[in-house]
Number of protein chains: 2
Amino acid sequence: MAAATIKDVAREAKVSVASVSRALNDGRGVTAETSQRIREAATRLRYVPHAAARTLITRRTNTIGALLPDLYGEFFSELIRGIDLAARARGLHLLVSSSHDDADAAAAALRAMQGRVDGLLLMSPHADAAFLQQNLPHGLPTVLMNTRLAGADYCALSVDNDGGARLMVEHLLALGHRRIVFIQGPPGNRDATERELGYREALTSHSPDSPVAMLRGDFSEDSGYRAGQQVLAMRPRPDAVFAANDMMAIGCMAALRDAGICVPEEIAIGGFDDVPMARYVTPPLTTVQVHIAELGGQAMELLGEQIDNPDSVMAGIHRRVTAQLVVRVSSGAPLV
Amino acid sequence: MAAATIKDVAREAKVSVASVSRALNDGRGVTAETSQRIREAATRLRYVPHAAARTLITRRTNTIGALLPDLYGEFFSELIRGIDLAARARGLHLLVSSSHDDADAAAAALRAMQGRVDGLLLMSPHADAAFLQQNLPHGLPTVLMNTRLAGADYCALSVDNDGGARLMVEHLLALGHRRIVFIQGPPGNRDATERELGYREALTSHSPDSPVAMLRGDFSEDSGYRAGQQVLAMRPRPDAVFAANDMMAIGCMAALRDAGICVPEEIAIGGFDDVPMARYVTPPLTTVQVHIAELGGQAMELLGEQIDNPDSVMAGIHRRVTAQLVVRVSSGAPLV
DNA sequence: ACTCTTTATGAAAACGATTACGTTGGCGCC
DNA sequence: GGCGCCAACGTAATCGTTTTCATAAAGAGT
């Protein structure tokens with residue numbers, strides 16, 4: 001009742017194990033009729049090659065690992081979906097290890113992946129240069145996702161926060177808004193600082209007269225609400241608010257509503273992320289959308305290339321996935 | 001530069017490979033000092049046992065597979081989180097394969113898992129008895145999640161939709177509502193029909209005089225909106241609406257608002273799922289929450305037990321994870 | 001007809017670990 | 001002092017596959 005091995009197939013088809021292997025893999029060096037006989041025997045016995053045995057000799061696991069931090073909600077889903085789809089297209093399996101809050105847990109997980117995978121997709125807030133140097137199995141193809149490491153030693157992929165923020169600011173400027181205030185994310189958060197950078201760049205390059213104004217926030221709805229109250233107190237009052245993420249934009253909108261300010265007529269609002277809720281709030285939120293599945297898929301592509309030709313120098317390659325503007329009511333754009 | 005093998009460690013510590021294996025595994029049959037020397041040599045060489053080689057001889061992969069359909073949003077995230085956490089606690093790795101829309105893809109994925117995993121977590125809409133009989137590797141521990149298969153041949157785990165729906169109906173009845181209408185989910189959907197069953201049961205057992213009334217829906221917000229319009233046309237008008245999921249409840253609420261009906265003063269509304277948005281809509285939605293991570297975690301527990309003692313007869317065991325009522329404003333409960 | 005090449009096939013050596021089984025040496029006990 | 005026993009350690013078989021090499025047969029070229 002135990003699973004059939006290649007020997008069983010060989011006996012059944014009255015050939016040697018070598019011929020079975022040849023027939024089932026490249027198919028060369030075996031007569032058509034022998035091959036046929038072998039295939040029949042294999043299906044009859046429901047033969048499936050033993051993955052571990054094959055790995056041992058070929059040095060390939062046909063599996064890639066994804067090491068992720070503790071992620072919530074649809075970001076995680078979409079990321080995995082993108083990775084899984086791209087991996088399946090290459091005939092690779094996906095070993096995931098998520099919810100690594102501290103560096104030690106991540107290091108342990110990394111070590112455990114050793115020898116189980118052909119390549120690694122790594123997204124970790126703890127992944128500084130020393131950590132990688134210490135824990136990353138040397139010679140294992142790796143793609144870094146959304147890390148703060150711009151270093152030339154690894155292949156990396158990240159979201160174009162910068163460009164996305166510029167799109168939003170350009171959009172607000174095009175609508176005639178001039179005094180645009182930015183609600184910051186948590187200090188030290190990479191996405192947040194990149195978005196802030198995009199805001200600054202777009203403003204200074206397209207509208208040098210506009211004041212650069214920041215309010216503190218931490219990505220939470222509450223912090224957005226408090227920022228909204230500060231907006232009300234500013235003189236002259238801003239035309240528009242650009243929050244570093246949607247939840248703060250939603251919080252800010254609530255503060256404005258509570259004060260009797262109309263959005264977008266009196267103040268326009270923009271967010272970032274396009275969370276599912278964004279289209280349901282009133283008014284629907286103009287925001288910047290990032291195709292997360294594409295982030296995962298492209299990372300997988302990059303990794304696939306590294307695996308297929310290990311000699312190619314892909315270290316230092318750094319790609320970005322683009323962000324799109326999603327125009328809804330909150331920015332005050334004329335409905336076409 | 002290649003990874004160190006057990007032979008390298010043996011040479012380094014001047015012992016045989018057998019002693020290395022003993023020292024690093026159970027540790028018995030080796031002197032404390034020899035063991036010490038071996039450990040040092042191992043860390044010096046950064047030795048990590050080759051997973052495939054170990055699997056080949058021990059017949060254990062220390063990996064479990066999760067075969068999932070195409071899931072969206074936080075359901076997937078939470079499920080994986082629950083599974084991953086429980087698996088890690090047992091020292092198991094997690095191989096995921098998701099987005100299987102059709103039965104053929106699922107079957108192929110199932111075959112590919114063969115020999116790569118010690119057990120299987122399976123959630124598939126295509127998993128009828130014949131499919132399982134055909135494709136499930138015989139003798140592989142398996143836990144079915146949320147399948148319509150109540151059969152005694154497998155170990156299964158599912159959400160207590162029935163009980164959750166009863167909680168909601170009892171809540172609405174306790175608030176004095178008597179004419180409660182139910183918005184159905186897609187026909188054939190197991191969750192939807194179980195929720196409907198719970199609604200019927202609770203109503204007939206706690207308030208036999210209340211009419212059982214259904215409106216068609218398909219889990220989409222639009223279908224909820226249409227159902228809301230039908231609610232408005234009903235005479236006598238219902239006290240309350242219980243939608244089979246949150247999105248329909250939200251759609252229904254929009255229809256009532258558009259007609260100038262106040263929620264919850266004129267009509268109370270309840271949903272199911274507790275999507276993140278539920279707390280942000282106005283008024284915040286009373287709903288039924290299922291701890292999805294727990295579903296994943298418990299499934300993993302069940303699977304773990306099967307793996308640890310393969311002789312135990314766990315087939316036919318069928319557990320349910322409970323649902324909780326989340327009371328918010330939309331049902332009209334007095335704010336305490 | 002003889003060699004030379006090509007092709008189908010089988011035998012056997014890897015891959016890196018675990019583990020059953022021998023061997024050795026030290027110790028206690030009579 | 002001889003016997004047996006036990007702990008520590010080594011030797012070698014084993015898991016299921018791929019792949020190199022050898023071998024034999026067959027076909028081609030002269």
Side-chain angles (χ1 to χ4, degrees), chain A residues 1-39 41-42 45-63 111-118 137 139, chain B residues 1-39 41-42 45-63 111-118 137 139:
Chain A
M1 198 49 76
T5 76
I6 197 173
K7 280 188 182 174
D8 300 323
V9 179
R11 192 175 330 115
E12 178 86 3
K14 302 192 194 307
V15 291
S16 73
V17 293
S19 294
V20 176
S21 177
R22 277 188 285 256
L24 265 37
N25 294 342
D26 35 3
R28 293 183 351 184
V30 190
T31 332
E33 49 204 324
T34 321
S35 179
Q36 174 71 10
R37 203 170 70 238
I38 292 172
R39 280 169 201 287
L45 297 178
R46 288 168 176 265
Y47 168 70
V48 179
H50 195 290
R54 181 177 265 173
T55 293
L56 189 55
I57 188 79
T58 59
R59 323 252 75 188
R60 291 207 62 178
T61 62
N62 290 311
T63 303
R111 228 170 305 126
M113 289 250 174
Q114 180 88 268
R116 297 180 171 276
V117 298
D118 295 334
Chain B
M1 196 50 75
T5 76
I6 197 172
K7 279 189 182 174
D8 300 323
V9 178
R11 194 176 327 114
E12 178 85 3
K14 302 191 195 306
V15 290
S16 73
V17 292
S19 295
V20 176
S21 177
R22 278 188 285 256
L24 265 36
N25 293 342
D26 37 2
R28 293 182 350 183
V30 191
T31 332
E33 49 205 322
T34 322
S35 179
Q36 175 71 9
R37 204 171 69 238
I38 291 172
R39 280 168 201 289
L45 297 178
R46 289 170 178 264
Y47 168 70
V48 178
H50 195 290
R54 183 176 263 174
T55 293
L56 191 54
I57 187 80
T58 60
R59 325 251 71 191
R60 291 207 60 179
T61 62
N62 290 311
T63 302
R111 228 171 304 128
M113 290 249 172
Q114 179 88 270
R116 299 181 171 274
V117 299
D118 294 334

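Naming: A, B, ... by sequence-line order, numbering from 1 per chain.
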Of B:V30, B:V20, B:V9, the residue whose pairing with B:V15 passes side-chain contact (heavy atoms from CB on, under 4.5 Å): B:V20

Outer limits of DNA chain D sitting under 4.0 Å from a non-hydrogen atom of chain B, read 5' to 3', are D:dA8 to D:dG16

Which distance, rounded to the nearest 0.5 Å, do you find between the CZ of B:R22 and the CZ of B:R28? 11.0 Å

In Å, rounded to the nearest 0.5 Å, how long is the span from CD1 of B:I6 to CG of B:L45? 12.0 Å

Side chains of A:H50 and B:T55, heavy atoms from C-beta outward: is any pair under 4.5 Å? yes

Measure the spacing between CZ of B:R59 and CG of B:D118 and express it to the nearest 0.5 Å. 11.0 Å

Contact list please: residues 51-60 of chain B against DNA chain C, heavy atoms, distance less than 4.0 Å, in numerical order. B:A53, B:R54, B:L56, B:I57, B:T58

Walk me through it: do B:S19 and B:T34 pass the test side chain to side chain contact (heavy atoms under 4.5 Å, CB included)? CA-CA 9 Å; B:S19 295; B:T34 322; 5.5 Å; no

So do the side chains of A:R116 and A:T63 get within less than 4.5 Å of each other, counting heavy atoms only? no

Applying a 4.0 Å non-hydrogen cut-off, can you work out what A:T5 is touching in the nucleic acid: base, sugar-phosphate, or nothing? sugar-phosphate

A:A51 and B:G115 have their tightest heavy-atom pair at CB-O, 4.5 Å

Does the side chain of B:R46 reach to within under 4.5 Å of the side chain of A:R111, using non-hydrogen atoms? no

Short heteroatom pairs, N/O only, protein and nucleotides 8-11 of chain C, under 3.5 Å:
residue: C:dA8; atom: O3'; partner: A:T31; partner atom: OG1; Å: 3.1
residue: C:dT9; atom: OP1; partner: A:T31; partner atom: OG1; Å: 3.3
residue: C:dT9; atom: OP1; partner: A:T34; partner atom: OG1; Å: 2.9
residue: C:dT9; atom: OP2; partner: A:T31; partner atom: N; Å: 3.0
residue: C:dT9; atom: OP2; partner: A:T31; partner atom: OG1; Å: 3.0
residue: C:dT9; atom: OP2; partner: A:T34; partner atom: OG1; Å: 3.4
residue: C:dG10; atom: OP2; partner: A:S16; partner atom: N; Å: 2.8
residue: C:dG10; atom: OP2; partner: A:S16; partner atom: OG; Å: 3.0
residue: C:dG10; atom: OP2; partner: A:S19; partner atom: OG; Å: 2.9
residue: C:dG10; atom: N7; partner: A:R22; partner atom: NH2; Å: 3.1
residue: C:dG10; atom: O6; partner: A:R22; partner atom: NH1; Å: 3.4

Given atom CG of B:L24 and atom C1' of C:dA17, what is their separation to the nearest angstrom? 12 Å

Between A:T31 and A:E33 (side chain of the first, backbone of the second, donor and acceptor by atom type, cut-off under 3.5 Å), is there such a pair? no

